[in-house]
Amino acid sequence: MNAPTAEAAEGATSGRVVEAGDELASRPINTEVAIIGTGFSGLGMGIALVKDGRHDFVILEKADDVGGTWRDNSYPGCACDVQSHMYSFSFEQNPSWSRMFSPQPEIWDYLRRVTDKYQLRRYVRFGVEVTGARWDPDSGRWILRTRTTSGEPVEYRAQFLVAGVGALHIPNIPALPGIERFAGTAFHSAQWNHDYDLTGKKVAVVGTGASAIQFVPEIAGQVEKVTLFQRSAPWVLPKLDRELPGWTKTLFRVFPPARRAYRAAVYWINESLALGFNGHPALLRAVERVGRRHLARQVSDPVLRRKLMPRYTLGCKRVLMSNTYYPALAGPNAEVVTAGLTEVREHSVVDSDGVEHQVDAIIYGTGFHVTDSFDYLDIKGRDGRDLAAEWRDHGIQTHLGITVSGFPNLFFLLGPNTGLGHNSVVFMIEAQVRYALAAMKLARRHRAEAIEVRESAQARFNDEIQRRLAKGVWSTGGCTNWYLDAKGVNRTIWPGQTWRYWLATRTVEPSDFELISATGGTGGQPDAPEMATEGAA
Ligand SMILES: Cc1cc2nc3c(=O)[nH]c(=O)nc-3n(C[C@H](O)[C@H](O)[C@H](O)COP(=O)(O)OP(=O)(O)OC[C@H]3O[C@@H](n4cnc5c(N)ncnc54)[C@H](O)[C@@H]3O)c2cc1C
């Protein structure tokens with residue numbers, strides 16, 4: 001099973017892209033590992049496989065280039081809000097980041113460079129959207145349905161399936177009453193309409209999340225008027241961002257220990273916030289004072305200041321950083337509306353106070369589908385179990401955010417309860433990549449067809465994190481946020497410090513898993529743990 005199949009050797013390792021009409025397109029393509037997505041997750045998994053000497057894999061990507069988040073979000077001012085030297089692969093540190101928080105084009109460029117360095121393009125099938133996956137117990141394979149830009153669906157069969165589909169990937173666009181009547185232009189920040197010239201336009205911005213606070217200051221100087229619809233005021237801290245001087249880049253290039261020490265310092269400073277988020281809100285008071293002072297310094301109008309004052313504990317929603325957001329809103333052409341947006345008319349929007357605002361364009365800074373984002377993937381596991389239905393009915397449950405009982409050989413990257421509000425998720429992704437690779441090796445070492453996490457291990461993990469999350473600021477901080485599912489359960493955040501996650505994923509514990517033999521029977525439990533370090537990313 002480990003040797004590349006003929007199809008994979010041709011299609012996966014030779015770099016030949018399978019097109020409609022291609023001979024290969026008409027029959028299933030077999031491969032050992034199918035990875036979905038080319039963001040940090042999918043690329044990280046691909047690199048780990050290459051480093052491990054495994055070349056029988058494909059990466060399926062519905063778009064036409066790599067990059068995920070950093071390909072899609074091209075809105076003005078888009079940048080990371082975790083320092084670039086931390087928000088990047090540990091094994092591909094970049095001495096040349098231009099700023100402490102680098103802009104989107106640079107991060108996208110970084111991901112493309114990493115892709116080329118590891119020659120990953122040969123494994124990527126662009127324009128292939130996975131629409132569903134079904135576990136076939138007879139062949140011990142995942143059978144993937146796809147939709148391709150070339151029109152002809154291609155079926156992939158893979159022993160292991162790795163989903164790096166992204167947690168912030170599907171734009172959440174509110175169904176505003178009357179939007180179909182709107183004669184202007186409307187778009188989401190993740191689908192920025194670069195053909196639309198905002199100069200001199202009246203623009204309504206809906207939402208005050210991480211994207212809106214980046215693009216509002218950028219467009220404020222260009223538009224005639226920006227009307228910001230705010231449901232709740234976010235905490236905004238000063239952004240300690242600056243251009244990195246040439247000498248730092250040189251130092252980081254010629255003396256890598258300095259770069260590593262800087263990254264470590266950033267990591268531990270960010271980690272200190274986790275304490276406050278997880279059951280010690282008193283520690284956040286000092287940070288809240290910084291936020292209040294920032295607001296007071298930048299907004300002199302007491303009415304506007306009151307509107308912009310957050311009314312929940314810092315950390316309950318993502319903490320934002322900007323030096324330009326408040327000044328933009330305090331400018332003469334900006335208005336902050338706290339009454340909800342209730343109706344869209346042909347050339348205006350109406351708020352819940354009945355005030356009509358003339359607008360030429362509506363920009364949604366309304367974030368993404370998060371806890372319901374897996375509904376779109378139709379995944380059927382052992383005995384026909386329907387992942388989306390189970391998660392809808394019982395809440396999202398996984399083991400370590402990576403594996404799911406009933407779904408053999410399936411691995412999520414940046415899966416449920418592994419998101420962060422305080423540090424780089426690339427750290428989490430790297431831990432998950434190592435873990436997934438180690439689990440595959442464990443199965444291989446035992447000549448098993450499949451490896452599946454035990455229900456008991458999964459339940460233990462969920463009980464534990466939900467117990468910890470109950471004390472977290474996301475539940476106790478007095479806000480509604482996108483971390484919680486429809487039932488108010490936090491299915492998004494990793495509660496605590498990330499080194500604990502690193503520790504929890506260091507080994508694949510044999511007692512947590514069951515092996516399934518080629519005949520479909522259980523092959524029992526693995527004997528010794530598999531360290532998640534070899535061939536690691
Ligand atoms: C504007 C913005 C700024 C952010 N800043 C930070 C930050 O500073 N720090 C931080 O830690 N995190 C940040 N994040 C979170 C960010 O999403 C993650 O850090 C990271 O980029 C996620 O990588 P990923 O590979 O898991 O997912 P993504 O980058 O979303 O990639 C998923 C890929 O899968 C593809 N895909 C999805 N479904 C399918 C399918 N069915 N078939 C085929 N292909 C599919 C998509 O096209 C995409 O290329 C930010 C997010 C946004 C939106």
Side-chain angles (χ1 to χ4, degrees), residues 34-46 58-89 100-104 107-108 110-111 115 124-133 144-149 156 161-172 188-192 209-215 239 241 266 270 318-321 365-370 373-374 376-379 401 412-415 418-430 432-433 482 492 494 498:
I35 302 167
I36 312 175
T38 59
F40 271 106
S41 293
L43 295 176
M45 190 73 232
V58 288
I59 310 181
L60 306 175
E61 170 56 62
K62 64 180 173 182
D64 60 2
D65 201 351
V66 301
T69 292
W70 301 101
R71 177 199 61 229
D72 293 345
N73 290 269
S74 60
Y75 59 79
C78 182
C80 52
D81 55 12
V82 169
Q83 299 84 338
S84 295
H85 279 278
M86 185 61 217
Y87 186 61
S88 41
F89 288 123
M100 290 176 72
F101 300 86
S102 297
Q104 170 263 339
I107 306 171
W108 189 18
Y110 165 83
L111 286 172
T115 304
V124 183
R125 301 291 170 268
F126 290 113
V128 178
E129 179 179 1
V130 177
T131 54
L144 275 64
R145 285 195 321 277
T146 65
R147 186 164 38 219
T148 64
T149 44
Y156 289 85
L161 175 59
V162 182
V165 292
L168 303 180
H169 168 60
I170 301 164
N172 183 14
H188 188 276
S189 58
Q191 297 162 336
W192 196 267
S211 299
I213 76 140
Q214 292 185 335
F215 71 74
K239 191 165 188 178
D241 186 23
V266 169
N270 290 349
R318 193 170 179 88
V319 183
L320 310 179
M321 288 177 293
T366 40
F368 300 86
H369 286 275
V370 181
S373 66
F374 299 102
Y376 296 84
L377 263 188
D378 174 23
I379 299 181
F412 282 98
L413 302 178
L414 204 52
T418 65
L420 301 176
H422 71 286
N423 215 335
S424 167
V425 296
V426 180
F427 181 89
M428 306 296 272
I429 291 169
E430 285 189 39
Q432 292 159 357
V433 162
W482 52 261
T492 310
W494 168 253
T498 58

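Source: prediction; values computed, not measured. Numbering of ligands and ligand atoms starts at 1, following listing order.
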Contact atoms of ligand 1, heavy-atom distance to Asn423 under 4.0 Å: 11 (O)

The answer for which part of Val426 has a heavy atom under 4.0 Å from ligand 1 is neither

Name the closest protein heavy atom to atom 46 (C) of ligand 1, giving the residue it belongs to and the distance to 0.1 Å. His169 CE1, 3.3 Å

Close-contact set for ligand 1 against Gly39 heavy atoms, below 4.0 Å: 25 (O), 29 (O), 31 (O)

Pair Leu413-Val433, side-chain contact (heavy atoms from CB on, under 4.5 Å): steps then yes or no: CA-CA 7 Å; Leu413 302 178; Val433 162; 4.1 Å; yes

Looking at ligand 1, does Thr146 have a heavy atom less than 4.0 Å from it? no

For Leu111 and Leu43, what are the C-alpha separation, side-chain angles and deciding distance, and is it a side-chain contact (heavy atoms from CB on, under 4.5 Å)? CA-CA 8 Å; Leu111 286 172; Leu43 295 176; 4.1 Å; yes

Starting at CZ of Arg318, measure out to CG of Leu420 and round the result to the nearest 0.5 Å. 8.0 Å

Which residue holds the protein heavy atom closest to atom 27 (O) of ligand 1, what is that atom called, and what is the gap in Å? Gly166 CA, 3.1 Å

Side chain, backbone, both or neither: which part of Asn73 comes within less than 4.0 Å of ligand 1 when only heavy atoms are counted? side chain

Angle class for the Phe368/His188 ring planes (parallel below 30°, perpendicular above 60°, tilted otherwise)? perpendicular

Identify, for atom 15 (C) of ligand 1, the protein heavy atom at the shortest distance, and state residue, atom and that distance. Leu168 CD1, 3.9 Å

Nitrogen or oxygen atoms of Ser211 and ligand 1 under 3.5 Å apart: no

Taking only heavy atoms of Gly37 into account, list the atoms of ligand 1 that are under 4.0 Å away from them. 33 (C), 34 (O), 35 (C)

Checking Thr146 side chain against Thr148 main chain: does a donor-acceptor pair fall under 3.5 Å? no

Option of least heavy-atom distance to atom 10 (C) of ligand 1 (set: Phe368, Phe40, Tyr87, Phe126): Tyr87

Just which atoms of ligand 1 are under 4.0 Å from any heavy atom in Cys80? 8 (O)

Is it true that a side-chain atom of Trp108 and a backbone atom of Asp72 form a donor plus acceptor pair closer than 3.5 Å? no

Which heavy atom of the protein is the closest neighbour of atom 44 (N) of ligand 1, given with residue, atom name and distance? Lys62 N, 3.2 Å

Using modelled atom types and a 3.5 Å cut-off, is there a donor and acceptor pairing between side-chain atoms of Glu61 and backbone atoms of Ala63? yes

Could you see which bit of Thr131 sits under 4.0 Å from ligand 1, with heavy atoms only: side chain, backbone, both or neither? neither

Decide whether the shortest distance between a heavy atom of Leu413 and an atom of ligand 1 is less than 4.0 Å. no

Return a yes/no value for Ser41: is any of its N or O atoms, backbone included, closer than 3.5 angstrom to an N or O of ligand 1? yes

If you measure every N/O of Thr69 against every N/O of ligand 1, is any gap under 3.5 Å? yes

Using 0.5 Å steps for rounding, measure from the OH atom of Tyr110 to the CZ atom of Phe40. 5.5 Å

Treating Gln104 as the side-chain partner and Trp70 as the backbone partner, does any N or O pair qualify as donor plus acceptor under 3.5 Å? yes

Please work out, at 4.0 Å between heavy atoms, whether the side chain, the backbone, both, or neither of Val82 comes within that distance of ligand 1. both

shortest atom 22 (C) of ligand 1-to-protein heavy-atom contact is with Leu414 CD2, 3.7 Å

Please report which non-hydrogen protein atom sits nearest to atom 49 (O) of ligand 1, along with the residue it belongs to and the distance in Å to one decimal place. Glu61 OE1, 2.6 Å

Separation of His369 NE2 from Leu168 CG (nearest 0.5 Å): 12.0 Å

Under a plain distance cut-off of 3.5 Å, with no hydrogens placed, do Gln214 and Asp81 share a side-chain donor-acceptor pair? no

Looking only at non-hydrogen atoms, which of Gly164, Gly209, Gly367 approaches atom 32 (C) of ligand 1 most closely? Gly164

Go through it in stages, so that I can follow the logic: the residues are Thr498 and His422, the test is side-chain contact (heavy atoms from CB on, under 4.5 Å), and I'd like the CA-CA distance, side-chain angles, deciding distance and then a yes or no. CA-CA 9 Å; Thr498 58; His422 71 286; 4.0 Å; yes

Can you check which of Ile429, Asp378, Ile36 brings a heavy atom nearest to atom 40 (C) of ligand 1? Ile36

Ligand 1 atoms nearer than 4.0 angstrom to some heavy atom of Ser424 are 11 (O)

How far is atom 7 (C) of ligand 1 from the closest protein heavy atom, and which atom is that? Asp81 OD1, 3.3 Å

Applying a strict 4.0 Å limit to heavy atoms, is Tyr75 in contact with ligand 1? yes

Please state whether the rings of Trp192 and Tyr75 are parallel, tilted or perpendicular, taking 30° and 60° as the class boundaries. tilted

N or O contact, Gly42 vs ligand 1, cut-off under 3.5 Å: no

Would a distance-only check, ignoring hydrogens and angles, find a side-chain to backbone donor-acceptor pair under 3.5 Å from Ser189 to Ser211? no

Starting at CG of Asn73, measure out to CD1 of Ile107 and round the result to the nearest 0.5 Å. 10.0 Å

Short list, please: which atoms of ligand 1 are under 4.0 Å from a heavy atom of Gly68? 28 (P), 29 (O), 31 (O), 48 (C), 49 (O)

Roughly how far, to the nearest 0.5 Å, is CG of Leu60 from CG of Leu144? 6.5 Å

Under a 4.0 angstrom heavy-atom cut-off, which atoms of ligand 1 come close to Leu60? 43 (C), 44 (N)

Arg71 side chain vs Asp65 backbone, donor-acceptor pair below 3.5 Å: yes

Do the side chain of Asp241 and the main chain of Phe101 share a donor and acceptor less than 3.5 angstrom apart? yes

Can you tell which part of Phe427 has a heavy atom less than 4.0 Å from ligand 1: side chain, backbone, both or neither? neither

Donor-acceptor under 3.5 Å (Gln432 side chain, Leu414 main chain): yes

Provide the number and element of each atom of ligand 1 under 4.0 Å from a heavy atom of Val425. 11 (O), 12 (N), 18 (C), 19 (O)

Can a non-hydrogen atom of Asp72 be found less than 4.0 Å from any atom of ligand 1? no

Does ligand 1 have an atom that lies less than 4.0 angstrom from a heavy atom of Arg71? yes

Give me the residue, atom name and distance of the protein heavy atom closest to atom 41 (N) of ligand 1. Val130 O, 2.9 Å

